[in-house]
Amino acid sequence: MGSLPAPEAKKPINLLWGKPSPSLIPTDQMAVAAQKVFSNPTIAIAGMQYGDSPHAGYEPLRQRLSAYLCGFYGCPSDPSHLCITGGASQGLTVILQMLSDPIATKAVWMTAPCFFAARKVFEDGGLTGKLRGVNEFDDGSIDLKYLEREMAKLENQPKTNTACKPTAITQKSYTHLIYIVPTFSNPSGKTMPLACREALVSLARAHNALVISDDIYDMLQWPSTGNEFTSPISLSSISPIPRLIDIDHALPNHPSDPYGFRHTLSNGSFSKIVAPGVRTGWVDAAPALVRALAGCGATLAGGCPSQLVATMLAELMDHGWLEKHVRETLVPAYQRRRALMVEAVNRQLEGLGGGVAVINDGGPVGGYFVWVKLPERVKATDVARVAKEQEALVVSPGPLFGVAWDEQEMDLEGFLRLSFSYEDESNLTEGAMRLGNVVKNLLDTSDQMDSDSVNSRHLDSTGFGGKSDL
Ligand SMILES: Cc1ncc(COP(=O)(O)O)c(C=O)c1O
């Protein structure tokens with residue numbers, strides 16, 4: 001008797017990756033931009049040299065980026081507010097080098113759930129053991145009462161040591177760092193309302209805190225109409241909520257901040273609007289803070305990061321190509337993908353007591369992720385394990401996004417994060433279907449275990465429980 005043919009392996013589907021679909025990466029346009037750079041010796045040499053001092057980055061890119069941000073956010077266009085970085089993650093390392101201190105900085109407050117990869121950057125910055133979660137509420141605001149109370153507690157502790165980094169007028173050590181992704185957060189997709197942003201800025205000003213606002217999904221937004229799958233967006237209806245820096249900069253300098261570093265910065269990136277491999281981003285902040293970042297030792301020694309790519313991005317931004325790419329290619333594609341995923345996940349899970357947690361009907365939606373509430377009795381870590389083993393489906397379980405298990409942190413076992421940015425549309429629907437199967441099976445198993453335990457309790461009460469021959 002011949003052996004049975006092996007069951008056909010399922011094609012892998014990855015709903016964990018927060019990267020763009022290959023179909024949305026503008027390789028042709030980048031090739032044209034590179035060609036333009038190398039056909040102009042002045043630009044080519046600028047890109048192939050150490051950049052000019054002060055090392056805030058390739059000037060034409062700062063100028064075009066500044067005009068773009070001004071058009072998008074309605075803020076003043078001023079390149080002195082911009083420092084080019086090697087992307088938001090590399091930018092964060094420089095922020096920590098120049099604006100925090102392993103001793104003088106008492107805590108890093110992170111929205112819980114948080115973007116998990118940021119945790120390691122803070123730990124590498126000498127802040128291990130100082131990460132604290134601040135719960136995010138359903139409306140995207142965070143628990144400011146808790147934050148204020150706990151910040152004050154730390155400030156009231158007796159001083160033990162002095163700072164280990166030099167204090168100079170070009171550098172500063174904030175007492176607290178507050179890391180947030182206020183718009184289309186990773187992982188929850190929530191957006192912090194204006195009132196919470198304003199309150200957070202005043203809290204930061206009062207407590208010598210720096211809010212590191214990771215704004216990398218801001219440009220990928222569209223108004224939720226409930227049926228964006230069929231109706232294209234009206235671009236005129238997009239008006240972004242003010243960033244935290246826009247709120248901060250509209251206020252006078254705080255008396256405790258004589259050099260004008262301010263208390264917020266916006267960490268931006270080309271990763272989600274061009275491609276992650278360009279490894280280029282920016283920090284938008286007060287000029288004093290920009291000078292601090294540009295004065296980082298590695299930058300002084302080696303120039304601004306991503307100098308050559310910066311010349312290509314400047315070409316790409318010429319004549320408004322990037323705005324058009326975001327508006328006409330990326331936003332419609334992500335809008336459609338998100339609508340498809342929301343619809344498919346809800347079709348699978350709503351009848352079971354789960355579904356997409358953040359819909360924000362009528363408000364802006366965007367980014368790369370949807371946050372899914374699981375039915376009670378099903379744990380995210382079980383779903384992720386079984387999905388991988390049985391359905392070749394990779395999803396991110398809620399606990400991956402915990403900050404640290406302290407009193408404040410919510411239980412994240414009831415949630416999953418699903419990315420709609422990478423897989424093609426048919427895989428998004430197929431992935432949701434496989435997820436539905438996994439959840440149904442886990443619920444069936446749980447029902448079965450409940451009924452077995454009722455039976456065994458019944459048997460126990462009849463005196464036969466536990467006998468191996470029954
Ligand atoms: C919230 C957030 N910040 C930062 C990053 C990484 O940005 P970059 O590629 O610019 O380092 C990501 C990538 O997924 C992200 O989701």
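Atoms within each ligand, like the ligands themselves, are counted from 1 in listed order.
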Worksheet item: What do you reckon, does Arg279 put a non-hydrogen atom under 4.0 Å from ligand 1?
Response: yes
Worksheet item: Touching ligand 1 at all, Lys272? Heavy atoms, strictly under 4.0 Å?
Response: yes
Item to complete: Look at the rings of Phe122 and Tyr179 and say which category their plane angle falls in: under 30° parallel, 30 to 60° tilted, over 60° perpendicular.
Response: perpendicular
Discussion item. Is the ring pair His176/Trp109 parallel, tilted or perpendicular, if the boundaries are 30 and 60 degrees?
Written reply: tilted
Discussion item. Less than 6.0 angstrom from the centroid, inside 45 degrees of the normal: does Arg417 satisfy that with respect to the ring of Phe401?
Written reply: no
Atoms in ligand 1 with a heavy atom of [X] nearer than 4.0 Å:
X: Ser269; value: 8 (P), 10 (O)
X: Asn186; value: 1 (C), 15 (C), 16 (O)
X: Ser271; value: 8 (P), 9 (O), 10 (O)

Practice prompt. Only heavy atoms count here, so choose which of Trp17, Tyr368, Tyr217, Tyr179 is nearest to atom 16 (O) of ligand 1.
Written response: Tyr217
Discussion item. If you take the nearest heavy atom of each of Phe184, Phe116, Phe369, Phe115, which one is closest to atom 12 (C) of ligand 1?
Written reply: Phe115
Worksheet entry | N/O donor-acceptor pair under 3.5 Å between Thr105 side chain and Asp101 backbone | yes
Worksheet entry | Trp17 backbone acceptor or donor facing Ser419 side chain under 3.5 Å | yes
Worksheet item: Tyr334 and Trp222: ring pair (Phe, Tyr, Trp, His ring centres under 6.0 Å), yes or no, with the steps?
Response: CA-CA 9 Å; Tyr334 289 129; Trp222 52 92; 7.3 Å; no
Worksheet item: Hey, does Thr175 have a side-chain heavy atom less than 4.5 Å from the side chain of His207?
Response: no
Per-pair distances, 0.1 Å, donor-acceptor, side chain in residues 306-323, under 3.5 Å, sequence neighbours excluded:
| residue | atom | partner | partner atom | Å |
| --- | --- | --- | --- | --- |
| Ser306 | OG | Arg279 | O | 2.4 |
| Gln307 | NE2 | Ala46 | O | 3.0 |
| Thr311 | OG1 | Leu308 | O | 2.5 |

Practice prompt. Before signing off on this row, confirm whether Ala88 and ligand 1 have an N or O atom pair separated by under 3.5 Å.
Written response: yes
Identify, for [atom], the protein heavy atom at the shortest distance, and state residue, atom and that distance.
atom: atom 5 (C) of ligand 1; value: Ile216 CD1, 3.5 Å
atom: atom 6 (C) of ligand 1; value: Ser89 OG, 3.4 Å
atom: atom 1 (C) of ligand 1; value: Asp214 OD2, 3.4 Å

Worksheet, complete the sentence: Honestly, for Phe270 the part within reach of ligand 1 (heavy atoms, under 4.0 Å) is neither
